[in-house]
Peer 1: 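Following this message is one structure expressed as structure tokens.
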Amino acid sequence: MSVIAFAKNWNGKFKNSTYELVSYTKELANKLYTNLIVLSIGEVSYDELKTLGKYGADRVIALNDAQFNVLTSRAYAKVISQLADKESASVIVMSDNNSGKAIAPRVSVQMKAGMVAAVQELPIDLDPFVVKKRVFSGKAFGHVQIDSEKKVLTIAKNCFGLVENQVDVSIEEFTPEVDASLFKIQVIEEEEQKDKIILSDADLVVAAGRGMRSPENWGPVEELAEVLGAATACSRPVSDEGWRGHEEHVGQTGKVIAPKLYIAAGISGAIQHVAGISRSKCIVAINTDPEAPIFGVADYGIVGDVMDVLPRLTEAFKNSKS
Ligand code: FAD
């Protein structure tokens, strides 16, 4: 018996979300008293594969084949279920990102495995196997029991964090039998968005809420974000009003993020907002109301008007840089 984590790469590189997946699955494998196998599909350098050992991968099995460099969910699912059969794996875990969402259901069907998507934490119970996930658009948590012998999980981003657990990792090759017909659908071109920092991966985030009063007032937020090299984010009413795009909305019903620094400008700190930022390492709040709930979760608080404080912060960061 073993546990397999599928480690997606982006142009041959892993991201923090991959290491979070490995950290999570290592802990799960420990609970099940078994080994963790991490499967990498597509060309990835030996040194990059080795980095998975830092987070507890006992064995890395690599399919270093250029044919697999572009994600083809049917072929990937076939590879994962073949390896799962070969290694008699009982649990397969993936990140709940676009690839995990496309592949996990296929693997679940091929392996006749029960599946739960966007799991929030380690299983609450192993026998029976019960996991926790958000339900009703994030308004509540559900406990879901998987009764099948084999199980497929996807884990929600930023739900677990990175846990270093250096092991002496072995790197092995794998050559599955994959029919050419599975490559019928191909992504022929990918365009990378280069001008914007991706919120869910950002280390630094400048977020703003209704305290900004109008979408025309977002200049100071963007200027501070630019000086810091930070992503921008917002509270839900701001995106509901159409002041900012929904991709910036963080919280219970938006993105869950875990940056090193989160600056909350004119955000009250409602519980639904805090649900998406509570794993931030350092929270700085700017609010005119000293009683605003955001100060209860902030590491540093500035009582003041955003239109006054934000430009001063930008100036101070510019000066410290130069
Ligand atoms: P407000 O609550 O209006 O707060 C504005 C703040 O700005 C106040 O604290 C005020 O003192 C301050 N302020 C005003 N003027 C200034 C100024 N000039 N300078 C500095 N500070 C100023 N919300 C989310 O954000 N994310 C979610 O995912 C989410 N999910 C939800 C799910 C459900 C089921 C429900 C019911 C609600 C959800 N909400 C969510 C909404 C949440 O309850 C709050 O209403 C929302 O977070 C408030 O947004 P806000 O802080 O921007 O606005």
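As the structure lists them, so they are numbered: ligands from 1, and atoms in each ligand from 1. Starting from 1, each residue takes its place in the sequence as its number.
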Peer 1: Which pair of non-hydrogen atoms, one from Gly209 and one from Trp218, has the smallest distance, and what is that distance?
Peer 2: O-CH2, 3.7 Å
Peer 1: Does the distance from a Lys or Arg side-chain N to an Asp or Glu carboxylate O, for Asp305 and Arg312, drop under 4.0 Å?
Peer 2: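 Salt bridge between Asp305 and Arg312, a charged N being under 4.0 Å from a carboxylate O: no.
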Peer 1: Gly304 heavy atoms, cut-off 4.0 Å: which ligand 1 atoms fall inside?
Peer 2: 19 (N), 20 (C)
Peer 1: Side chain, backbone, both or neither: which part of Arg213 comes within less than 4.0 Å of ligand 1 when only heavy atoms are counted?
Peer 2: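 Answer for Arg213: side chain.
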Peer 1: If you count the atoms of ligand 1 from 1 in the order shown, which ones are under 4.0 Å from a heavy atom of Gly254?
Peer 2: 28 (O)
Peer 1: So is there a nitrogen or oxygen of Ala270 less than 3.5 Å from a nitrogen or oxygen in ligand 1?
Peer 2: no
Peer 1: Give the atoms of ligand 1, by number and element, whose distance to some non-hydrogen atom of Gly209 is under 4.0 Å.
Peer 2: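 Close to Gly209: 52 (O).
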Peer 1: Hey, does Pro293 sit under 4.0 Å from ligand 1 if you only count heavy atoms?
Peer 2: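 Flag not set, Pro293 not near ligand 1.
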Peer 1: Select one of side chain, backbone, both or neither to describe which atoms of Met212 lie under 4.0 Å from any atom of ligand 1, heavy atoms only.
Peer 2: neither
Peer 1: Suppose I only count heavy atoms of Gln252 and a 4.0 Å limit; which atoms of ligand 1 are within that range?
Peer 2: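 In order of numbering, the contacting atoms are 27 (C), 28 (O).
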Peer 1: With respect to Val250, determine whether any N or O atom, backbone or side chain, lies less than 3.5 Å from an N or O atom of ligand 1.
Peer 2: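 Between Val250 and ligand 1 (N or O atoms, distance only) the closest approach is under 3.5 Å.
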Peer 1: Of the backbone atoms (N, CA, C, O) and the side-chain heavy atoms from C-beta on, which set of Pro237 has a member under 4.0 Å from an atom of ligand 1: side chain, backbone, both, or neither?
Peer 2: side chain
Peer 1: Please identify which atoms of ligand 1 are closer than 4.0 Å to at least one heavy atom of Val306.
Peer 2: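 It comes down to these atoms of ligand 1: 17 (C), 18 (N), 19 (N), 20 (C).
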Peer 1: Would you check if the distance from the ring center of Phe160 to the ring center of Tyr19 is below 6.0 Å?
Peer 2: no
Peer 1: Among Gln272, Lys255, Glu241, which one has a heavy atom closest to atom 40 (C) of ligand 1?
Peer 2: Gln272
Peer 1: Using side chain to side chain contact (heavy atoms under 4.5 Å, CB included) as the criterion, point out the one residue from Val3, Val119, Val144 that pairs with Leu153.
Peer 2: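 Result for side chain to side chain contact (heavy atoms under 4.5 Å, CB included) with Leu153: Val119.
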Peer 1: Answer yes if the side chains of Glu173 and Thr175 hold a donor-acceptor pair under 3.5 Å, and no otherwise.
Peer 2: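 No pair is found: no donor N or O on one side chain lies under 3.5 Å from an acceptor on the other.
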Peer 1: Using heavy atoms and a 4.0 Å limit, tell me yes or no: is His249 in contact with ligand 1?
Peer 2: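 Yes, His249 has heavy atoms under 4.0 Å from ligand 1.
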Peer 1: Check for me whether Val238 has a heavy atom closer than 4.0 Å to any atom of ligand 1.
Peer 2: no
Peer 1: Of all the heavy-atom pairs spanning Leu228 and Leu204, show the shortest one and how long it is.
Peer 2: O-CD1, 3.2 Å
Peer 1: For side-chain contact (heavy atoms from CB on, under 4.5 Å), just list the numbers for Leu310 and Val221, CA-CA rounded to whole Å, side-chain angles, deciding distance to a tenth of an Å, and then say yes or no.
Peer 2: CA-CA 7 Å; Leu310 285 174; Val221 177; 3.8 Å; yes
Peer 1: Report yes if the side chains of Leu126 and Lys31 come closer than 4.5 Å at any heavy-atom pair, otherwise no.
Peer 2: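 Heavy-atom side-chain distance check passes, below 4.5 Å.
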Peer 1: Within a distance under 4.0 Å of any heavy atom of Asp289, pick out the atoms of ligand 1 and give their elements.
Peer 2: 11 (O)
Peer 1: Applying the side chain to side chain contact (heavy atoms under 4.5 Å, CB included) test to Val205, which of Ile197, Ile257, Ile283, Leu261 qualifies?
Peer 2: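 Only one of Ile197, Ile257, Ile283, Leu261 forms a side chain to side chain contact (heavy atoms under 4.5 Å, CB included) with Val205, namely Ile257.
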Peer 1: Could you state the interatomic distance from CG (Leu63) to CD (Glu43), rounded to the nearest 0.5 Å?
Peer 2: 10.0 Å
Peer 1: Could you tell me whether Gly266 and ligand 1 have an N or O pair separated by under 3.5 Å?
Peer 2: yes
